[in-house]
Each structure stands twice: as structure tokens, then as C-alpha cells.
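Below, read A as the first sequence line, B as the second, and so on, with proteins coming before strands; counting in each chain starts at 1.
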Amino acid sequence: MKRTFFKLAIVDDDEYSIKLFEKTVKEIKLWVGLMVFRNESELTAYLSDRQNNVPNILFLKLNLPDKNVLVYLQELRKQQRLQNTLITVYSVTASEESIEEVFVNGANIYMDQPRTYEEFKTVLEKVLKINFQYLESNLNIENFLYRI
Amino acid sequence: MISVYLTYDAQEVYMKVLEECLKETSLKYELNGWGEVKFTGQPDITEVNEFKNKLQGTGIYVIEDPRNELIQRIKDTISEMILLHDNFKSKKISTYLTEKLNYSYSYLSKIFSEYTHYSIEQFVILKKIDYAKKLILENKLSLTQISYKLGYSSVAHLSQQFKKTTGLTPTTFYNIIEKRKQ
């Protein structure tokens, strides 16, 4: 059976976080590919080329290096071709208020980023698996909110 | 009247038509002789589906993987069971699926989790909560009525499962979606 291959993209300038993503994606037995962008301008440039495939699942760091994440979420959600992209925002710490704002502005998932690799792997695996269900089944993406 | 007599190589015709359709996409591919197109690299699933649509009317047909189809039937049967809640309350999911699909539950569970990375039970919960969300947002039924409709023993049970599945309480969920509309 030909399995669906999912494209993940992350926007983060922290090398340690990037390593956690890369290591997890390599180790978990799920069909995913990872694209890394160091800041939002890199992702914007990538998306502006219509030839490039849009990611199915996008991870944004809460404190983006060069842009407010809420403004960026609104911009991304306005793009027609990103309508079916599931967006996760993650951070090591965040106030309840900012988590709610992230959801209101278009994120599907808020993820508390664990510090250790083992915990990170467990959490990311859960996030990816629930994303797969939404990408492959007849579930309502507009109402898809998940906090972990 | 003029008659022209033709002879043709079916494989050559097949390859030409196939390549025409493939050229219109940006997918990278390998053709493995008769009847298989392998998309290499990281193929975009939407483009693969577009390619399948392009084949319609060419006389080339896509053979769907029978296991893939079974997964879809399991999902459809679960949805049907949740929406027809009378069946839902009186029957166990395993009995319902076995009766509808004529496979043993252990076979269905195995194939389902192998291909979706979720167990049937987890998927049922996800689907029920997805339906609960729809009902919450419609704002016609109370949470108590929703929990009854979906076969929960109490509101507390529904709220607990909602929180476990989404990480949010039903109220927080409702408030966020309402704020999005503003």
C-alpha cells in the first residue's frame, strides 16, 4: 500500500529545538519529511514560489525571531493554499492569555515544549498522530483545537 | 469512401497517454513497467489526486488498494454509528463493525492501527468529540442533552473525555471559536 507522505515545516531559530525536531522525525516510524526555516521570512519566501509544495503540518515557535506570531498566523490563514495546513504553535512557557490568543488567531494546536528529548518525542508523536487523523479523515479542520 | 487500416502497440499508447498526464504535474516519478507509477521524493498528495483525476476518461483506471478501501469503510461505519445514536447505545463498536463489514474485529483493529497510527477505540472517541464540538457550536442543545445524545453516562463523563481529547474544556473551546468569528 502506498502510504501518504506528510510534509512538516518548522520555523525556529533555536538550534537545540531544531535538533529535537530532526532527531524525533528520524526516529519515529511515521512517514514524514521535515523542512527547517530559521525565520518567518525564509518560510514566506518559500511559500511565495508557487512551484513549492505547501507543508501539511506547520510548527511555529511562539516567539518568532522577527515577527509577532499572532500577526503571522493571520497572514498565513489568509492564504488560500494553506487552508488545509494544520498549524501548531509551541513554547517552553506561555501565559494562559497568550495561548488563547494563539488559538483565536488560527492555530490548531498549542504544544508545551518539553525540555528533554524523551518527553519531546512522546509529545511530538501524539501531535503528529492526531494531525494525521485530521488530514486523512472526514473530521472538521476548522474546529480542530488541541492543547498538549 | 476511404478506409485506413491501423495496427497499434497498446503499451506504447498507454505509456504516451500516461506521460502526457504526468507531465502536467510537477511530480517526480518512475515507471515500473506495466501498471505501476512510483512517485519518488516527497510527493504532494493533492497533486497525486489531481493526477488520478486526469486519468479519468483516458481509458486508464486506477486500482485502489483494497486495504485502503477497508480503512475508509471502517471510518464511514464509525461515523454512521455515531450519527445513528440508537445503534450506538445498544451495540458495542466491535459488534457493529463485525456485523457491517464481515471481518473479525481483531483483523479490523490490526489493519486500522497499522495504517492510521490510531486504534479504532481512539478514533471513535475523536469522532464523537468532533461531533460534540459541532453540537456545542450549534448552540441548540445543552451539554447534558449532548452527552445523552452521544451515549455518555453523564455530562461529567463527556467533559472529561472532551478535556482529555482536546486539552480544553468545552467552555474554553466554545469561547475560542466564538472569538474567531469576531
Side-chain angles (χ1 to χ4, degrees), chain A residues 1-8 28-35 49-56 73-74 77 81 83-84 96 99-112 123 125-148, chain B residues 26-27 36-49 64-72 74-76 78-79 111 113-119 122-123 125-127 129-134 136-137 162-169 172-182:
Chain A
M1 174 165 154
K2 209 162 282 158
R3 298 194 183 184
T4 317
F5 191 98
F6 293 110
K7 286 175 290 293
L8 263 60
I28 51 178
K29 291 183 180 67
L30 300 170
W31 279 51
V32 288
L34 181 68
M35 292 181 277
D49 183 346
R50 293 252 145 200
Q51 296 284 319
N52 289 333
N53 293 329
V54 295
N56 307 104
L73 277 169
Q74 287 172 14
R77 282 304 183 210
R81 58 203 291 251
Q83 291 298 310
N84 292 321
E96 285 303 311
I99 293 171
E100 192 181 304
E101 280 177 336
V102 154
F103 279 127
V104 172
N105 286 281
N108 299 100
I109 299 179
Y110 176 78
M111 176 174 101
D112 268 323
V123 170
E125 205 166 342
K126 274 194 192 166
V127 168
L128 292 179
K129 283 181 179 176
I130 198 167
N131 275 323
F132 292 172
Q133 312 312 312
Y134 274 85
L135 292 169
E136 292 206 309
S137 308
N138 193 13
L139 293 160
N140 191 342
I141 288 182
E142 278 179 24
N143 296 339
F144 176 35
L145 301 181
Y146 180 50
R147 183 179 170 181
I148 183 165
Chain B
S26 63
L27 295 160
E36 188 187 356
V37 185
K38 194 174 266 175
F39 294 111
T40 54
Q42 300 182 7
D44 186 343
I45 188 69
T46 42
E47 270 214 293
V48 173
N49 288 334
E64 294 293 348
D65 187 300
R67 282 168 298 183
N68 221 342
E69 201 189 310
L70 183 59
I71 303 287
Q72 200 46 54
I74 297 173
K75 287 180 178 173
D76 291 347
I78 291 171
S79 306
I111 198 164
S113 51
E114 204 176 309
Y115 288 98
T116 66
H117 305 290
Y118 248 46
S119 69
Q122 281 176 306
F123 188 79
I125 292 172
L126 199 62
K127 196 77 198 175
I129 296 300
D130 192 58
Y131 188 40
K133 285 178 185 172
K134 183 175 171 278
I136 290 169
L137 294 173
F162 194 99
K163 181 82 205 274
K164 209 177 157 203
T165 310
T166 65
L168 305 165
T169 64
T172 312
F173 165 79
Y174 180 82
N175 290 339
I176 290 169
I177 302 289
E178 283 301 303
K179 277 189 191 163
R180 271 190 186 175
K181 290 180 195 159
Q182 286 162 20

Between B:S79 and chain A, which part of the residue has a heavy atom less than 4.5 Å away: side chain, backbone, both or neither? neither
Among A:N140, A:L139, A:N143, which residue meets the side-chain contact (heavy atoms from CB on, under 4.5 Å) test with B:K133? A:N143
Interface moiety of B:Y131 toward chain A, non-hydrogen atoms closer than 4.5 Å: neither
Which region of B:D44, side chain (C-beta onward) or backbone (N, CA, C, O), has a non-hydrogen atom less than 4.5 Å from a non-hydrogen atom of chain A, or is it both or neither? both
Residue pair A:E100 / B:K179, side-chain heavy-atom distance below 4.5 Å: yes
Under 4.5 Å from any heavy atom of chain A, what part of B:I177 do you find: side chain, backbone, both or neither? side chain
Heavy atoms, side chains only, cut-off 4.5 Å: are B:T165 and A:Y146 in contact? no
Atom group of A:I148 that falls short of 4.5 Å from chain B, counting heavy atoms: neither
Inter-residue atom distance A:S137.OG - B:D76.CG, 0.5 Å rounding: 9.5 Å
List in chain and number order the residues that pass side chain to side chain donor-acceptor pair (under 3.5 Å) with B:K181, two or more places apart in sequence or in another chain; answer none if no residue qualifies. B:E178
With a 4.5 angstrom heavy-atom cut-off, is it the side chain or the backbone of B:I129 that approaches chain A, or both, or neither? neither
Need one label for A:I130: side chain, backbone, both or neither, based on atoms under 4.5 Å from any heavy atom in chain B. both
Under 4.5 Å between any side-chain heavy atoms of A:F103 and B:L168, yes or no? yes
Going from CG on A:N53 to CD on B:E47, what distance comes out if it is rounded to the nearest 0.5 angstrom? 6.0 Å
For A:K129 and B:Q122, run side-chain contact (heavy atoms from CB on, under 4.5 Å): C-alpha distance rounded to whole Å, both residues' side-chain angles, the deciding distance at 0.1 Å, then the answer. CA-CA 11 Å; A:K129 283 181 179 176; B:Q122 281 176 306; over 6 Å; no
Could you note down all residue pairs passing salt bridge (Lys or Arg N to Asp or Glu O under 4.0 Å) where residues 139-148 of chain A supplies at least one of them, sequence neighbours left out? A:E96-A:R147
Hey, does the side chain of A:Q133 reach the backbone of B:T116 with a donor-acceptor pair shorter than 3.5 angstrom? yes
Between A:E101, A:Q51, A:E125, A:K7, which shows the greatest number of heavy-atom pairs under 4.5 Å with chain B? A:K7
Tell me, do A:Y134 and B:D130 make a side-chain contact under 4.5 Å, heavy atoms counted? yes
Can you measure from NE2 (B:H117) to CD1 (A:I28) and round to the nearest 0.5 angstrom? 9.0 Å
